[in-house]
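Below is one structure, written out as structure tokens; comments come after it.
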Amino acid sequence: MATGFGFTLKATDGAARTGVIATPRGEIRTPAFMPVGTAGTVKAMMPDSVRATGADILLGNTYHLMLRPTAERIAHLGGLHRFMNWHRPILTDSGGFQVMSLASLRKLTEEGVRFSSHVDGSKHMLSPERSMEIQKLLGSDIVMCFDECPALPATDEVVAKSMRLSMRWAQRSRDAFGDRPGHALFGIMQGGVNRDLREESARALTGIGFDGYAVGGLAVGEGQEAMFSVLDYAPGFLPEGKPRYLMGVGKPDDIVGAVERGIDMMDCVLPSRSGRTGQAWTRMGAVNLKNARHKDDPRPLDADCTCPACRNYSRAYLHHVVKADEIIASMLLTWHNLHYFQELMQGLRDAIGEGRLAGFVAGFHAQRAAGDI
Ligand SMILES: CC1(C)O[C@H]2[C@@H](O1)[C@@]1(COC(C)(C)O1)O[C@@H]2CNc1nc2cc3nc(N)[nH]c(=O)c3cc2[nH]1
Ligand SMILES: [Zn+2]
């Protein structure tokens, strides 16, 4: 790991691991869930509230911040931590995935990607070198290589061609990142759902050498079964002593299955995005607070949850403010969802640490199957 970074494995249970990533801005307990703060904010949350849910690290996006307010402006104002008032670790995605999923008029070449902003149509370019420069300007603690994530389904030929481009871009990212004590660079494995291509990608990345390794190219619509079939072998292609980060995942049962298969870090817009649409995630399963059945229900969302929404409000109130599209609805449900996701991560960390993950997972699934939610 880079100077100032260290990953200590504390326990394993089957393929699952629990440990700590030490960084200059604080420790990250793994397995870790990273709330997504795309444009310098975890939507509907104050930074102190994000911390209160149990988050050790959050995610920012090169693509969004380079367009607005620009990385140069954030650097001029003291960097992303100062700008958004979050002084613990930040991981930034490198922009390639967001360009392909959000920008228009994209032109992909060996050099990089030229595209038009989805914000104002202005012309931009991202390359491994420019992505490293932007992430350095932002001051993020964990920098992601610039890669290309092919949309699935795709032929093996298309996936292979894209993966090999990403591996050349990984080398260029490494070269451009240089030696930055206190900052880590993570490589991103590609290869779709093809085991040989995944292994080829892992060999290429470990040959270059990174402080951590992401499993990319998943959570792009392939479905849980296909994702788990890749995770049954892909983490094992990566160095045991380095963090393994599964990008863009996911629903609670995706998270549990990924941790069982050796993943240490995850991020997903789900808890925050669904919180803004009236959807709550609970130990018993998903609850849609738009549903009229809640309008007279005096019970809390989850009587065993200690978050502000569950401690102080009824389902009837949550239903009312969701239906009225009140701002507090997004605040309360986002807080609850992030609190639940972090509580799930703590449960996983404790279970792995005590060698009882199988029982924890069985209980997790049993709770979701049973009872009225
Ligand atoms: C764009 C947005 C907001 O991010 C979510 C969500 O939409 C959406 C869109 O389609 C679904 C699947 C429904 O979820 O996919 C995102 C979650 N999956 C995901 N995020 C990723 C980020 C990644 N970053 C890099 N650099 N490389 C990758 O290979 C990569 C793969 C990823 N997979
Ligand atoms: Zn709650």
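All figures in this text were calculated on a predicted structure; none of them were measured in a lab. We count ligands from 1, going down the list as the structure has it; atoms in each ligand are counted the same way.
Cation-pi geometry between Arg198 and Phe237 is not met at under 6.0 angstrom from the ring centre and within 45 degrees of the axis. Annotation: cation-pi pair Arg283/Tyr340 absent, no NZ/CZ under 6.0 Å from the ring centroid and within 45° of its normal.
For Met144, the closest heavy-atom approach to ligand 1 does not fall below 4.0 Å. Ligand 1 has Leu218 within reach: a non-hydrogen atom of the residue lies less than 4.0 Å from it.
Between the side chain of Asp13 and the main chain of Ile352, no donor-acceptor pair closer than 3.5 Å is present.
Of the heavy atoms in Asp147, only side-chain atoms (C-beta onward) come closer than 4.0 Å to ligand 1. Of the heavy atoms in Gln190, only side-chain atoms (C-beta onward) come closer than 4.0 Å to ligand 1. The side chain of Ile188, and not its backbone, has at least one atom closer than 4.0 Å to an atom of ligand 1 (non-hydrogen atoms only; side chain from C-beta on).
Checked by distance only, ligand 1 and Gly217 come closer than 3.5 Å through their nitrogen or oxygen atoms.
When only non-hydrogen protein atoms are considered, atom 5 (C) of ligand 1 lies nearest to Val269 CG2, 4.4 Å. Atom 30 (C) of ligand 1 has as its closest protein heavy atom Phe97 CD1, 3.6 Å. Here the heavy atom of the protein found nearest to atom 24 (N) of ligand 1 is Asp93 OD2, 2.7 Å. The shortest contact between atom 11 (C) of ligand 1 and any protein heavy atom is with Ala219 O, 4.1 Å. Nearest protein neighbour of atom 7 (O) of ligand 1, counting heavy atoms only, is Arg273 NH1, 4.3 Å. The protein heavy atom nearest to atom 17 (C) of ligand 1 is Gly248 O, 3.5 Å.
For the residue pair Ser122 and His124, a side-chain donor N or O sits within less than 3.5 Å of a side-chain acceptor on the partner. Side-chain atoms of Thr23 and Glu27 include no donor-acceptor pair closer than 3.5 Å.
In this structure, CE in Met189 is found 10.5 Å from CG in Leu246, a value given to the nearest 0.5 Å. Atom CG of Leu338 and atom CD of Glu343 lie 12.5 Å apart (nearest 0.5 Å).
Checked for salt-bridge contact, Arg88 and Asp56 miss the test: no charged N lies under 4.0 Å from a carboxylate O.
Closest N/O/S atom of His336 to the Zn ion (ligand 2): ND1.
Relative ring orientation between Trp281 and Phe341 is described as perpendicular, the plane-to-plane angle rising above 60° on a 0-90° scale split at 30° and 60°.
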Just do the ring-ring contact (aromatic ring centres under 6.0 Å, His included) check on Tyr63 and Phe115 with the steps written out, would you? CA-CA 11 Å; Tyr63 171 78; Phe115 60 93; 5.6 Å; yes

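With ligand atoms numbered from 1 in the order given, ligand 1 contributes 28 (C), 29 (O) to contacts under 4.0 Å with heavy atoms of Cys149. For ligand 1, the atoms lying closer than 4.0 Å to a non-hydrogen atom of Gly221 are 12 (C). Within ligand 1, the atoms closer than 4.0 Å to a non-hydrogen atom of Ser94 are 26 (N), numbered from 1 in the order shown.
Among the backbone and side-chain atoms of His339, none of the N, O or S atoms lies under 2.8 Å from the Zn ion (ligand 2).
Each of Val249, Leu91, Leu59 was checked for a side chain to side chain contact (heavy atoms under 4.5 Å, CB included) with Met265, and the lone residue meeting it is Leu91. Between Asp141 and the options Arg180, Arg25, Lys136, a salt bridge (charged side-chain N to carboxylate O under 4.0 Å, His left out) holds for only Arg25.
Protein heavy atoms all stay at least 4.0 Å away from atom 13 (C) of ligand 1.
The angle Cys310:SG - the Zn ion (ligand 2) - Cys307:SG amounts to 110°, with values rounded to 10 degrees.
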